[in-house]
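Keep in mind it's a predicted model, so treat the numbers as computed, not measured. Nothing fancy with the numbering, it's 1 onward along the sequence.
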Amino acid sequence: MAEISGNDHVVAARLATMAGDLLLRIRAGGGPGLKDAGDQGAHDFLMAALAEARPGDAVLSEEGADDLARLDADRVWIVDPLDGTREFAEEGRPDWAVHVALWQRGVHHGGGALGGLSAGAVALPARGKALSTTATGARVDNRPLTIQAPEPGKIRIAVSRTRPPVFVQRMAENLDAEVELVPIGSAGAKISAVLLGEVDAYVHAGGQYEWDSAAPAAVALAAGAHASRIDGAELAYNQKDTKLPDILVCHPSLAPMLLAGIREVSDALPG
């Protein structure tokens, strides 16, 4: 394995990109066990790479056992080795990702009382793109990344391509704007679409875990986006219960309207 060095932002970006390159090779090989091969291959790579690059840090991975010793750690990497396994296994689909984020005790930028996200990267391997935090903000590949203001009177909202949530459809009907629901695969691909200006917002409720949003949320916050729970509460990571079922990511100017719209249809939210 090539030596991985640099600050946490650089390490996150390199690991996500390298895991993405590995997944592209696995995908090219095809076969009936493609989903499992992708999940396990990327997980094994990230665990080995983090053990080498940051040997003293804890890791929470979707594909690994949850060692609760992380709750006492000062630094915890939260990774989703393959976000969007379904899309990864469908030939030609680009809307899957690799997530690598760092939670750090004492950091309060997008986090809970004890700590928050200090670095993160989302690789979109099939698109040849990587979004990551920097010491001063965020970038896409080697260019500065800043979330763009939406077009007045129109909102494009990223939703699940297989099961668009009923509450988002109802909320869209009540907003004082022309709303387009845009189906996209993985959570990382959806949030990246917001940051790249391809959609204006991502609203989700009904089931996610910390690894689904940690890295995209880190990049979103660094890029100046609004990122919160759908009731407006702060996103909190490295919790004992890793469920983090809902999220809103959008341009800050849209947040008041969308949060109010969500409250209006709260009876339709998943229980």
In plain terms, say whether D95 and R93 are close enough for a salt bridge, that is, a side-chain N and a carboxylate O under 4.0 Å apart.
yes
Test L124 against L131 for side chain to side chain contact (heavy atoms under 4.5 Å, CB included), laying out the working first.
CA-CA 8 Å; L124 303 171; L131 292 72; 4.0 Å; yes
Search all heavy atoms of A42 against all heavy atoms of P81 and return the closest pair with its distance.
CB-O, 3.4 Å
H99 and D83: side chain donor to acceptor below 3.5 Å:
yes
Does a salt bridge link R127 with E198, judged by any charged N lying under 4.0 Å from a carboxylate O?
yes
Closest non-hydrogen contact found for I78 with A214 is CG2-CB, 3.9 Å
S118 versus D8, side-chain donor and acceptor atoms under 3.5 Å
no
Could you check T85 against W96 for side chain to side chain contact (heavy atoms under 4.5 Å, CB included), going step by step and ending with a plain yes or no?
CA-CA 7 Å; T85 308; W96 50 278; over 6 Å; no
Could you pull out the closest heavy-atom pair between K190 and V199, with the gap in Å?
O-CG2, 4.2 Å
Regarding H43 and S61, is there a side-chain donor-to-acceptor distance under 3.5 Å anywhere?
yes
As a test of understanding, state which of L181, L259, V249, L248 forms a side-chain contact (heavy atoms from CB on, under 4.5 Å) with V203.
L248
Side-chain donor-acceptor pair under 3.5 Å between T242 and Y237, yes or no?
no
Any donor-acceptor pair under 3.5 Å linking the side-chain atoms of S132 with those of R139?
yes
